[in-house]
Protein chains: 2
Amino acid sequence: MEQNKIPQATAKRLPLYYRFLNNLNQQGKKRVSSKELSEAVKVDSATIRRDFSYFGALGKKGYGYNVEYLLGFFRSTLDQHEVTEVALIGAGNLGTAFLKYSFLKNNNIRITKAFDADPSKVGTDIDGVPIYHVDELVEQLDGISVAILTVPSSEAEAITEKLVNEGVNGILNFTPARITVPQHVRVHHIDLAVELQSLVYFLKHYPLDKE
Amino acid sequence: MEQNKIPQATAKRLPLYYRFLNNLNQQGKKRVSSKELSEAVKVDSATIRRDFSYFGALGKKGYGYNVEYLLGFFRSTLDQHEVTEVALIGAGNLGTAFLKYSFLKNNNIRITKAFDADPSKVGTDIDGVPIYHVDELVEQLDGISVAILTVPSSEAEAITEKLVNEGVNGILNFTPARITVPQHVRVHHIDLAVELQSLVYFLKHYPLDKE
DNA sequence: AAAAAGTCGTGATGTTATTCACAAATTAAT
DNA sequence: ATTAATTTGTGAATAACATCACGACTTTTT
Ligand SMILES: NC(=O)c1ccc[n+]([C@@H]2O[C@H](COP(=O)([O-])OP(=O)(O)OC[C@H]3O[C@@H](n4cnc5c(N)ncnc54)[C@H](O)[C@@H]3O)[C@@H](O)[C@H]2O)c1
Ligand SMILES: NC(=O)c1ccc[n+]([C@@H]2O[C@H](COP(=O)([O-])OP(=O)(O)OC[C@H]3O[C@@H](n4cnc5c(N)ncnc54)[C@H](O)[C@@H]3O)[C@@H](O)[C@H]2O)c1
């Protein structure tokens, strides 16, 4: 909403900065330079300064950045004051791993409902997250606008349509399927097989000792 | 090795193209245009043609691409004729999900060994993949050059050092830790919390009905 | 045989992201 | 006080990537 001039590449790095600032703060560090931050998050220091500068002059020349101030700034920028509820569809191997992981530690994100088609899973819960039948999506999904998709790829398209109908406008898709969505819906793909394969490709085809 | 002029962005899309070509081939399709492919993988058709063109003239004007030929071409480009062995470190929630997943279906990649520090896991196997103690890395890792890292983030740095010493030069890192490696080692980060958080950020801060 | 439709490959252009490099400001040291 | 050392914020340069748009060629239709 606010000012949508933040480059996408920058926006993707914000959570990373936020996490490291949190670490620093917990360690009691009071100030940090773009150079230090750069070494920690492996992003060029000029890029970090540029990223920060989109939000105004957050640092002080010759000093660096005040950890607490910066942390507070990003906390509100990333809406960390309110918990974001997320639904998970497909409580299989991958889905279960996510359900057992607490994203709440550093990020105010919580998976509050899971859905599956397997009758033996429906009605149970995993680490406190209840598993509903996927047919109950319509009744149970209200208010939730982000979903994690970990169903078999053959089901991805059909489930996506349901999700979108129920008002979901952000999907984190772990299936290999490239799903079709209306323009107002944002999909991030995480394709493990592709990641692995492209890593192997890079190793075999790129010079070994310079990036 | 060969010609290292392939842009990184292109290289990352190759496995995706490969997978869809495989699908098409299995469906018995003989030819495909960049337009059709574009709709399937959600990549602009001009980008697809450009990507392919780095490898020479693979298509025919007015016709499109021969599925079988293209598939064969990418199979060898992606070294799909030989199986790539991969090790997994940390057979916890996430690691177990990966061990149960067969990457072999479409990609000639196989996790052949897993390592963990938990004595109750060592000596067992998951879906046929044996779990060794992490202290056995040195003896057991020979020949393997790619590793998947799914240990607690506090362990990431120490394990990475061991892996690198043993000759691993590709790491798929699922921990939130930003690990330090020598120049010749390639790390791909998959940071689930960051993905989720940046997705939420985009939804809240970007115009809703145009990309 | 001719016309129409389809499609590639790519030069040109547009867009987004990264990095350099330095003046201006601040802090730290002498 | 003065000088030296830091470090930001940013204009300008560079690099990487995506897209447009069209000539050239092929296939299909009439
Ligand atoms: N596990 C991995 O390491 C891995 C790696 C790469 C990709 N993936 C992809 O992630 C997805 C999930 O993988 P997984 O290993 O967890 O598979 P899985 O089979 O263990 O889990 C799928 C779950 O979805 C449920 N399901 C099936 N149809 C459903 C429906 N219509 N509605 C709701 N739930 C339904 C199943 O009951 C099951 O619990 C797959 O698309 C897979 O290709 C997984
Ligand atoms: N599960 C998720 O959804 C999720 C999400 C985001 C990030 N992550 C990250 O992925 C990593 C793994 O997550 P998880 O949920 O599978 O955790 P987990 O605790 O279930 O698994 C970690 C495994 O590593 C093993 N281990 C501990 N120390 C080890 C060592 N020194 N050498 C070898 N193995 C060792 C443990 O015995 C355990 O089996 C963590 O870094 C976590 O932050 C997980």
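All figures in this text were calculated on a predicted structure; none of them were measured in a lab. Every chain is numbered from 1, with letters handed out A, B, ... down the list of sequences.
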Problem - Cationic N near anionic O, under 4.0 Å, A:Lys29 to A:Glu36 - result: yes
Problem - Sidechain N-carboxylate O distance under 4.0 Å for A:Lys12, B:Asp191 - result: no
List in chain and number order the residues that pass side-chain contact (heavy atoms from CB on, under 4.5 Å) with [X], two or more places apart in sequence or in another chain; answer none if no residue qualifies.
{"X": "B:Thr160", "value": "B:Leu149, B:Val164, B:Ile171, B:Ile179, B:Val181"}
{"X": "B:Ser145", "value": "B:Asn169"}
{"X": "A:Ala46", "value": "A:Asp44, A:Arg49"}

Practice task
Measure the distance from CD1 on B:Ile48 to P on D:dC20 and round it to the nearest whole Å.
Solution key: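 For the pair B:Ile48 CD1 and D:dC20 P, the rounded distance is 14 Å.
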Problem - B:Asn66 CG to D:dT26 P, straight-line distance once rounded to whole Å - result: 16 Å
Problem - CD/A:Glu68: more than 12 non-hydrogen atoms of other groups inside 6.0 Å - result: no
Between the protein and nucleotides 14-17 of chain C, which nitrogen or oxygen pairs come in under 3.5 angstrom?
residue	atom	partner	partner atom	Å
C:dA17	OP1	A:Ala9	N	3.1

Practice task
Quick one: sort the A:Tyr17 and A:Phe74 rings into parallel, tilted or perpendicular, breaks at 30° and 60°.
Solution key: tilted
Problem - Base versus backbone protein contacts along nucleotides 5-12 of chain D [heavy-atom cut-off under 4.0 Å; B, S, -] - result: -BBBBBBB
Which atom pairs, one a donor and one an acceptor, fall under 3.5 Å between side chains of residues 87-101 of chain A and the rest of the protein, sequence neighbours left out?
residue	atom	partner	partner atom	Å
A:Thr96	OG1	A:Ala91	O	3.4
A:Thr96	OG1	A:Gly92	O	2.5

